[in-house]
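Note on naming: letters A, B, ... go to the chains in the order of the sequence lines (proteins, then strands), and numbering restarts at 1 for each one.
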Amino acid sequence: MVTRMQPDLSVRIGKLDLAYPTLMGSGCYGSGAEFEPFVDLARIGGVVLKSVTRAPRLGNPTPRLVHTPAGMLNAIGLQNPGIAWYLAHDVAKFASRPCKVIGSVAGFSVDDYAVVCEQLAARDEIHAIELNISCPNVASEGETFACDPRLTARVVRAARATTGKTLIVKLSPNVTDIAAIAREAEAAGADALAVVNTVRGMAIDVDAWHPRLGNVTGGLSGPAIRPIAVLAVYEVARAVKIPIVGQGGIETVTDALEFFLAGASAISIGTANFTDPRVPETIVDGLSEYLARRKLASIRDIVGRANLGFANAYQFEGDEG
Amino acid sequence: MVTRMQPDLSVRIGKLDLAYPTLMGSGCYGSGAEFEPFVDLARIGGVVLKSVTRAPRLGNPTPRLVHTPAGMLNAIGLQNPGIAWYLAHDVAKFASRPCKVIGSVAGFSVDDYAVVCEQLAARDEIHAIELNISCPNVASEGETFACDPRLTARVVRAARATTGKTLIVKLSPNVTDIAAIAREAEAAGADALAVVNTVRGMAIDVDAWHPRLGNVTGGLSGPAIRPIAVLAVYEVARAVKIPIVGQGGIETVTDALEFFLAGASAISIGTANFTDPRVPETIVDGLSEYLARRKLASIRDIVGRANLGFANAYQFEGDEG
Amino acid sequence: MPTLSTGERVHVTKIVDRRTPAADVVVLGVRAPQLARFAKPGQFVMVVPPAGEVASVALGIYEAQGDRMSVLFFVSGKRTTELARLQEGDELTITGPLGNGFFLDDAPSEVGIVAGGVGVASVLTSAQELLKNGCRVQLYYGARTQERLVDMDLFARAGCEVHAATDDGSFGYRGVVTDLLARAARPPRLLLACGPSPMLRAVARVAAEIDIPAQLSLEETFACGVGGCWGCVVPIVRTSAQAPSFPPAVLGGSDVVNARVCKEGPVFWAHELRW
Amino acid sequence: MPTLSTGERVHVTKIVDRRTPAADVVVLGVRAPQLARFAKPGQFVMVVPPAGEVASVALGIYEAQGDRMSVLFFVSGKRTTELARLQEGDELTITGPLGNGFFLDDAPSEVGIVAGGVGVASVLTSAQELLKNGCRVQLYYGARTQERLVDMDLFARAGCEVHAATDDGSFGYRGVVTDLLARAARPPRLLLACGPSPMLRAVARVAAEIDIPAQLSLEETFACGVGGCWGCVVPIVRTSAQAPSFPPAVLGGSDVVNARVCKEGPVFWAHELRW
Ligand SMILES: Cc1cc2nc3c(=O)[nH]c(=O)nc-3n(C[C@H](O)[C@H](O)[C@H](O)COP(=O)(O)OP(=O)(O)OC[C@H]3O[C@@H](n4cnc5c(N)ncnc54)[C@H](O)[C@@H]3O)c2cc1C
Ligand SMILES: Cc1cc2nc3c(=O)[nH]c(=O)nc-3n(C[C@H](O)[C@H](O)[C@H](O)COP(=O)(O)OP(=O)(O)OC[C@H]3O[C@@H](n4cnc5c(N)ncnc54)[C@H](O)[C@@H]3O)c2cc1C
Ligand SMILES: Cc1cc2nc3c(=O)[nH]c(=O)nc-3n(C[C@H](O)[C@H](O)[C@H](O)COP(=O)(O)O)c2cc1C
Ligand SMILES: Cc1cc2nc3c(=O)[nH]c(=O)nc-3n(C[C@H](O)[C@H](O)[C@H](O)COP(=O)(O)O)c2cc1C
Ligand code: FES
Ligand code: FES
């Protein structure tokens, strides 16, 4: 009998070593504990915690969720207890998670991000920091940062100055040119990029004549946005050298592979956990199997390999575009 | 017996009078004739023709289509015979359509748009012109116009100068701030806005390790993008006074109503025709029935009425965003 | 692997029976021993939709006995339409039981249960438990028409006094069920209620008027169903035993926090809600 | 309402039989008198997917007789999975017949038909028509394994000489079907082919080698299926009778135009293709 090598699924994102290339998306997975009855957290790479802000926030009025074709809209509005309470009451519990724990920081000013990032990164229970500069669901400037190259640069520089821990910057798809923003974030010191946050959207109740979300607009996630997210990863991968955490509508191993091939070094699973909590383990099993079938040693061997072009592409003489 | 008034579905878009508020999306419906075996064209408002350019174009290599969750990607690449051939061979046939016929113009320079617009608008068979400044599927600057407020203004001004016919400007959702572009188009003389064209996306063949479209990237259409399109209409309606032709994922009368309530004066149906060619007539019937049930005289009575707000929205003292 | 004394986990079940007690109302019974065993009255499950729809569907645990549990649902949207297509023998994946059920431990000897529409799905097990403990149980059951009053006999056979109301008067009292409740000759000493939000608000009003406590099983759109996404909140007074660990905010003069309907609920005391 | 002598329109049909000749291969028969009557060999239909999937599915017309027509398909993705769930008695909406079929009017007396996999679905009616007209018809039929060679008896009973090939040699010739064709003792004088693209390219090669004409039924991803979206093109020489009205472009020295597989096809002469 031949002993089969188990393919290597580990990846490195900045200084963060992940046993599996699968993170659970911020805001979708609580602090991980909520899903422990259904999933073996030791078989995922890590959990990105719900975004935390400087002051406590009660979030948006309900309804905060609407189901849409192959996706959903959410407008939670960053409900969270604020960094002081969080540090005092919540963070200590994260030490017992059998996977990596990544803090997520949101804010309304450059200073907000710097303050929360510094305090959170100082804690041993937190293995890396994600900067959520792309939340579409807060009334004020929540998303402005990721929609403006200069603001992106300023907020990333300020956060970078506060910690040596791995800094992942989460980008918005709601921009004309995501590659330009990605380059700014890299230049300002980001260790990695999370691509992408939700796509802005809206649904209307045609009986009641009002928006279906309490916040009027929300963020679209799930399989509906996967083609948008895959392209964002593909474009960002061509613009920067730092690793990418791909996300947006990943449900199956095939979906996950699209992101790796587009250029992601790791992936993040959000909405699919709401459909079936077994998805993260199914994807990890599927990745192992895919690599074994193709006799590849590591998941790292497929990152960014979707650029082989077409055998059958034709060129006409005289065709202009 | 009571005689029931038939609700009025007619709308006016610039100088264009439509018996029904339903257009068939450019590039999805040929010149209308292709669908005549399945649909009574006299029961739709009009057909927006496939976009035509100055020079002939063979378009992109295949595959040009990929099915995605609740949607599809296309990258046709504006295959068309060029304006000269089009005027000589095709346009005369449009005279026999029992609905309005709207020409669509695409190009690669301001001059392109002006030249093609002038020649096409000069023909009686063409009742209005749509400027497609937002096609995401051509290698060069095809979409740049709708992604840049200044370019939008220039191209619209140039086209406006060539014709007094109704000019509909088709906007792209792939921008940071669609309202800003809409305002430029209005100021430059657009009579109406088509909101929105397809959303840029990509899919990857995970067996073959290459993009699933010959053009690598494509435009996402269908129900998947409906929440994105509804929001775009809602935001544009708050930015301009000219009428909006809402589109993106409309399949049912409920979907259509979302767009009217968001602020569209008419709607356009594209991808849904590929699922079921009966959709345009089903929607027209559904709109009549909806208005009758609510005792409304005209479709115009519901345009932009999704702003009644929430009864149950709560405000916390001290909540910041 | 986590070991769970609660039986909370993913259950791959098989449909063993299916019936349609009214038009667009479906009951699916599945073989799910762990679920049936650990389910408490008023808890719910998340049902993984077949055919690749996004997000599981939250459904109350209708019946739970021996190896079998069932759900009862109204066919209202895409996912329930897909569920309604399933036939005996098909597989169905279910997570749960989830949430806190009704608080029945110190229930008084006379309990009123108010059910509106498919809200009936979340109260049968409570009725059964209370009756088993020797309570007198009155069911106030409202629906649009007689046809939509499903499974009244199940409640009657279990030993409930059944009081029905229909909007069109086609059966029982003509009007809303809370009017019927307000006229009760002998009002119960505790109310349990599940139904559409306007009904629950009316139940809270009646309870306050006749000065008895009420437990309301709320409905919100869910995504995760397990407390992970904060999508399903309702403001409650901070002093509640169910309040999540959060700094309070002030609403209408009281200290409130947004509690998750799926985790801290779905059942809340009427007097704690600030909705 | 348009009146159509061709019978091209939307047909709301009922499924009258369903069988699964191999794993993941399904044949659905429907009652559709107009379709069955007007269908020409090699034409296709667009089937409206149940359960709200986007875009109809293009399927060849497998059988067409009397009131009944059928489709044969391989369960490969979301929409065919949904179609596979349908049962006798369910409704199915179909548009068609669409496209040009095989050109059989001036067919010689010996015709070879090459089918690969589910390509078999598009050639049965042609075989029947040719046999009816007194032709000798050889079927060259390739599949992965014996189990995937479906309905060979249908062809044999109709009067075809059946030559089979399987990749694994589990039945007939071991290897690709075009190798079997190239070795034919008595080569046919016209080839009709439907199957995966590599097979069609091989058929074109063999036809050129033994110098006989070949008609290939192409497959492309479709959106509209009626010529409205230009999504399904293939470059053909400008001089073809099927060339659409377009100014020519130059490719590899010939004047070509992109023809629509759904409208100008799906059948093209091998020598006209520039792919
Ligand atoms: C704790 C809990 C327990 C529950 N228990 C049960 C139960 O036991 N039985 C039961 O039947 N239900 C129950 N529900 C409700 C059930 O989960 C929801 O009804 C579920 O969303 C149905 O899913 P769906 O996909 O079929 O409908 P969805 O697609 O989610 O639609 C839900 C509703 O929204 C409406 N809607 C959709 N789109 C629009 C639009 N554009 N404009 C206006 N309205 C629109 C639909 O008509 C429908 O009424 C429970 C909910 C909770 C939270
Ligand atoms: C004229 C014509 C006639 C036809 N006749 C028949 C017929 O008679 N019988 C028949 O069975 N078929 C026929 N076809 C083919 C049929 O229309 C297609 O197979 C159809 O797309 C299947 O639809 P689906 O939704 O089930 O699969 P789709 O979801 O469209 O998937 C189709 C294929 O793409 C693959 N795929 C999907 N996503 C990915 C990804 N991310 N990476 C790599 N691969 C992926 C799937 O595995 C599958 O093999 C015909 C096609 C044409 C054009
Ligand atoms: C209910 C919900 C809440 C979310 N909250 C946050 C958040 O607090 N911070 C953040 O960075 N992203 C948040 N997101 C975005 C997800 O982390 C993820 O980037 C996005 O949903 C796309 O991935 P998906 O399609 O797999 O869900 C949220 C998404 C959802 C659906
Ligand atoms: C196959 C295909 C081809 C298209 N071609 C064009 C085009 O030539 N010009 C244009 O302005 N829009 C084109 N569009 C965009 C549609 O007109 C429409 O704006 C878009 O698809 C969104 O609407 P839908 O979801 O209803 O399809 C095309 C869309 C599709 C799917
Ligand atoms: S549904 Fe996610 S927290 Fe309740
Ligand atoms: S599929 Fe639309 S033109 Fe062929």
Side-chain angles (χ1 to χ4, degrees), chain A residues 55 57-58 61-62 66 68-71 73 77-78 108 138-140 142 147 174-177 199-206 208-211 214 217-218 220 222-228 230-231 234 249 254 257-258 261-262 290 302 305-310 312-314 316 319-321, chain B residues 55 57-58 61-62 68-71 73 77-78 108 138-140 142 147 174-177 199-206 208-211 214 216-218 220 222-228 230-231 234 249 254 257-258 261-262 290 302 305-310 312-314 316 319-321:
Chain A
R57 288 179 55 82
L58 277 153
T62 53
V66 174
T68 64
L73 288 166
L78 296 175
F108 300 86
V138 285
S140 50
C147 291
N174 305 305
V175 296
T176 310
D177 182 4
V199 181
R200 294 181 68 231
M202 178 179 184
I204 292 170
D205 186 323
V206 305
W209 287 16
H210 61 56
T217 73
L220 186 63
I225 68 165
R226 195 194 316 133
I228 303 170
V230 169
L231 175 57
Y234 184 83
T254 306
L257 289 165
E258 281 198 76
L261 290 166
Y290 179 88
I302 71 168
R305 298 296 297 278
N307 45 9
L308 304 187
F310 264 86
N312 68 333
Y314 51 75
F316 291 101
D319 209 14
E320 67 177 8
Chain B
R57 289 178 54 82
L58 278 153
T62 54
T68 64
L73 287 166
L78 295 174
F108 300 87
V138 284
S140 50
C147 291
N174 305 304
V175 295
T176 310
D177 183 4
V199 181
R200 294 182 65 233
M202 176 180 185
I204 292 170
D205 186 323
V206 306
W209 287 16
H210 61 57
V216 180
T217 72
L220 186 62
I225 69 165
R226 194 192 318 133
I228 302 170
V230 169
L231 176 56
Y234 184 82
T254 306
L257 289 165
E258 281 198 77
L261 290 166
Y290 179 89
I302 71 167
R305 300 295 298 277
N307 47 9
L308 303 187
F310 263 88
N312 68 333
Y314 50 76
F316 292 103
D319 210 13
E320 68 178 6

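For the set A/Pro69, A/Gly71, A/Gly249, A/Pro223, the count of heavy-atom pairs under 4.5 angstrom toward chain B peaks at A/Pro69. Each of A/Ala224, A/Gly222, A/Pro227, A/Gly201 has some count of heavy-atom pairs under 4.5 Å with chain B, and the biggest count is that of A/Pro227. Chosen from A/Thr254, A/Thr176, A/Asp177, the residue pairing most often with chain B at heavy-atom distances under 4.5 Å is A/Thr176.
In this structure, the portion of A/Leu220 lying under 4.5 Å from any heavy atom of chain B is its side chain and not its backbone. Using a 4.5 Å cut-off between heavy atoms, B/Val206 contacts chain A through both its backbone and its side chain. If you measure heavy-atom distances from A/Thr68 to chain B, the contacts under 4.5 Å come from the side chain alone. For a residue to count as touching a neighbouring chain, one of its non-hydrogen atoms must lie under 4.5 Å from one of that chain's; by this rule B/Leu73 touches chain A with the side chain only. Heavy atoms closer than 4.5 Å to chain B are found in both the backbone and the side chain of A/Val175.
The backbone N or O of B/Arg200 lies less than 3.5 Å from a partner atom in the side chain of B/Asn174, making a donor-acceptor pair.
With sequence neighbours left out, the side chain to side chain contact (heavy atoms under 4.5 Å, CB included) criterion links B/Ala262 to A/Ile204, B/Val230, B/Val233, B/Tyr234.
Atom OG1 of B/Thr217 and atom CG of A/Leu231 lie 6.0 Å apart (nearest 0.5 Å). Note: A/Ile225 CD1 to B/Ile228 CD1 = 8.0 Å, rounded to the nearest 0.5 Å. Taking NE2 from B/His210 and CG from B/Asp205, the interatomic distance works out to 5.5 Å, rounded to the nearest 0.5 Å.
In plain terms, the two heavy atoms of B/Glu258 and A/Ala203 that are nearest each other are OE1-CA, 3.3 Å.
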